[in-house]
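Reminder, nothing fancy here: chain letters follow the sequence lines and each chain counts from 1. Below, each value reflects all heavy atoms present in this structure, side chains not excepted, and no hydrogens, waters or symmetry copies.
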Amino acid sequence: MTAAPKSRIAEILNHYEGDLLKDWMKQQLTGKAVPTDLMKESELRDQCAEFLRLLREASRGSVTDMVGSEWTELKNLLSDITGSRARQGFTPAETATFVFSFKQPLFDRLRQAYGKDADGLSMDLWNATTLLDNLGLLTTEYHQKGREDVIVRQQRDLMELSTPVVNIWDGVLALPLIGTLDSERTQVVMQNLLQRIVDTGSAIAIIDITGVPIVDTLVAQHLLKTVAAARLMGADCIISGIRPQIAQTIVHLGVDLKDVVTKATLSDALSIAFQRTGYTVRKGGRSESVSSNGTEDGVQTKVASRAGGTQHL
Amino acid sequence: MPLSVTESLALRSSEDVVRMRQWVRARAVGIGFSLVDQTKIVTAASELGRNILEHGGGEGHVYLDLPTHNSKIGIQLTFEDKGPGIADIEQALKDGFTTGGGLGLGLGGARRLVNQFEIASRPGEGTRITITRWKGP
Amino acid sequence: MERIPILKMGGFLLITIQVDMHDRLAMTLQNDVTDMIVKTRARGVMIDISMLDMVDSFIGRMLGSIASMSRILDAETVVVGMQPAVAITLVELGLSLTGVRTALNVDKGMELLRSSIERKEANGAFVRD
């Protein structure tokens with residue numbers, strides 16, 4: 001096979017950069033390619049000019065494949081453009097059209113350059129089509145990638161937002177779980193809890209599952225493993241807020257909660273926690289709460305005081 | 001990435017097991033394993049390495065690979081010995097089964113710490129166990 | 001020879017395990033602890049494993065043995081400072097360290113040892129909890 005004749009795309013990009021930009025802008029502004037309400041003309045012009053400049057640079061190598069490092073900058077530009085357009089509300093199709101709309105001006109110049117050389121023209125039309133198609137498809141890919149990144153970030157945010165570990169009392173942590181627990185989320189949450197136990201030196205952790213609609217075998221097992229791990233570290237867990245249906249499921253699933261302290265409500269769990277850490281909770285009697293602003297009837301002051309224990313840190 | 005180079009280490013003494021743990025830990029850190037994932041693969045490796053010393057004829061090799069699957073990277077360890085082999089693999093994987101003086105958590109426990117666990121053994125010829133743990137999300 | 005140091009603090013022994021354990025080191029430690037309990041008449045043993053980045057069934061077994069041996073010699077054992085990742089892995093491995101008491105840190109471990117020895121003394125030497 002004889003060597004393919006050299007493509008003249010690079011040469012044309014070099015020669016007619018200014019004209020191509022003018023034609024391309026006209027093409028986009030008259031066509032339906034750019035929703036002008038979303039983007040200023042000057043911004044579009046900057047993007048087009050930059051695209052042309054980088055395309056000219058990159059096409060000095062080969063225009064038939066885009067694997068070389070000379071294409072990196074152009075790809076980065078497309079990634080940036082796609083990102084900013086996605087934020088501006090462009091659809092993936094509209095962004096891809098930005099690239100595809102360059103075909104017409106480029107084809108016109110090619111036709112001019114080749115004149116009657118049909119073979120040369122069809123070769124370079126093919127090259128140009130392939131090149132711009134690939135670049136256009138790339139924007140779609142970036143679009144999708146951008147969406148995936150957003151989803152991953154939101155998932156992570158959601159996971160952190162929805163699982164706060166609260167230090168409700170000196171030495172007592174509470175983890176109110178809300179929403180559906182999948183195996184992965186439960187694992188992250190539980191690791192967080194164990195880390196907080198170490199950080200705060202809390203010997204008791206209350207896991208409240210009032211807000212959890214469904215507990216399946218895997219989630220129940222993760223709960224049990226967390227309780228076991230906490231015990232190995234020297235802390236006790238209490239599980240509270242087990243609703244009747246969940247109690248039934250747990251038994252049906254054959255999950256053994258026999259070694260775990262369970263309480264119906266968070267407040268029951270808290271009073272156990274107080275007992276274990278040596279606090280007693282009592283109502284402040286009238287005689288004790290002599291305060292200057294006076295006590296009204298029915299106002300209850302809860303006083304937590306430590307019984308006996310003086311060795312606490 | 002030139003990661004799929006197999007490395008190996010001979011296991012002859014409990015000092016070798018310690019060395020292997022540090023080696024596996026370093027590779028796990030290197031490919032960005034979370035602390036829990038690191039600990040799990042290192043512990044599994046420790047159990048299997050020790051298993052070779054106690055039941056695998058006292059000598060063997062461990063090979064380390066960093067395979068990728070569905071754009072996830074992982075650590076794969078292969079333990080080989082030319083010991084007496086395991087006659088009943090099912091039984092050996094059960095918790096509490098032991099022929100040594102230990103708790104008998106070795107094989108079954110190691111299996112729970114990894115994502116993939118393969119075992120091939122022929123009585124009189126030896127045992128090969130391959131474990132893989134993939135990097136978590 | 002390499003060994004793990006055992007500190008005497010009041011009536012207790014404090015062992016901080018910082019190195020990756022191999023068999024010989026573990027055996028030496030068991031011998032040293034039992035010797036020291038008898039020699040110092042210690043009533044409590046605290047093993048700090050906060051520096052350990054993994055515990056396999058071998059080390060777990062060693063901790064269990066030290067606890068059992070100490071109990072025979074009338075000393076309480078508490079293991080303190082296990083890291084979350086280590087604890088999660090141990091649970092998955094299937095090891096629950098039954099018979100070994102645990103505490104979050106050295107201070108809490110000390111509290112636990114004191115109160116359990118007090119309780120033991122109040123109940124008389126023949127009652128075991």
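Summarising the geometry, atom CG belonging to L113(B) is positioned 6.5 Å from atom OG1 belonging to T89(C); distances are rounded to the nearest 0.5 Å. Atom CZ of residue F58(C) and atom CG of residue L53(B) lie 10.5 Å apart, to the nearest 0.5 angstrom. Rounded to the nearest 0.5 angstrom, L90(C) CG and T39(B) OG1 are separated by 10.0 Å.
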Does the pair R50(B) and D23(C) meet the rule for a side-chain contact (heavy atoms from CB on, under 4.5 Å), with working shown?
-> CA-CA 10 Å; R50(B) 200 163 275 290; D23(C) 299 24; 2.9 Å; yes
Residue pair D20(C), R19(B): steps toward the salt bridge (charged side-chain N to carboxylate O under 4.0 Å, His left out) verdict = CA-CA 9 Å; D20(C) 218 338; R19(B) 206 166 304 132; over 6 Å; no
Test side-chain contact (heavy atoms from CB on, under 4.5 Å) on Q38(B) and M54(C) and set out the steps.
-> CA-CA 9 Å; Q38(B) 289 168 31; M54(C) 71 123 238; over 6 Å; no
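Looking at R25(B), only its side chain comes within 4.5 Å of chain C, counting heavy atoms on both sides. Looking at V18(B), the atoms closer than 4.5 Å to chain C (heavy atoms on both sides) sit in the backbone and in the side chain alike. Contact of V55(C) with chain B is made through the backbone alone, with heavy-atom distances under 4.5 Å.
Residues S14(B) and H22(C) approach most closely at OG-CB, 3.2 Å, considering heavy atoms. L93(C) and A110(B) get closest at one heavy-atom pair: CD1-N, 4.1 Å. For E92(C) against R112(B), the heavy-atom pair with the smallest separation is O-NE, 2.8 Å.
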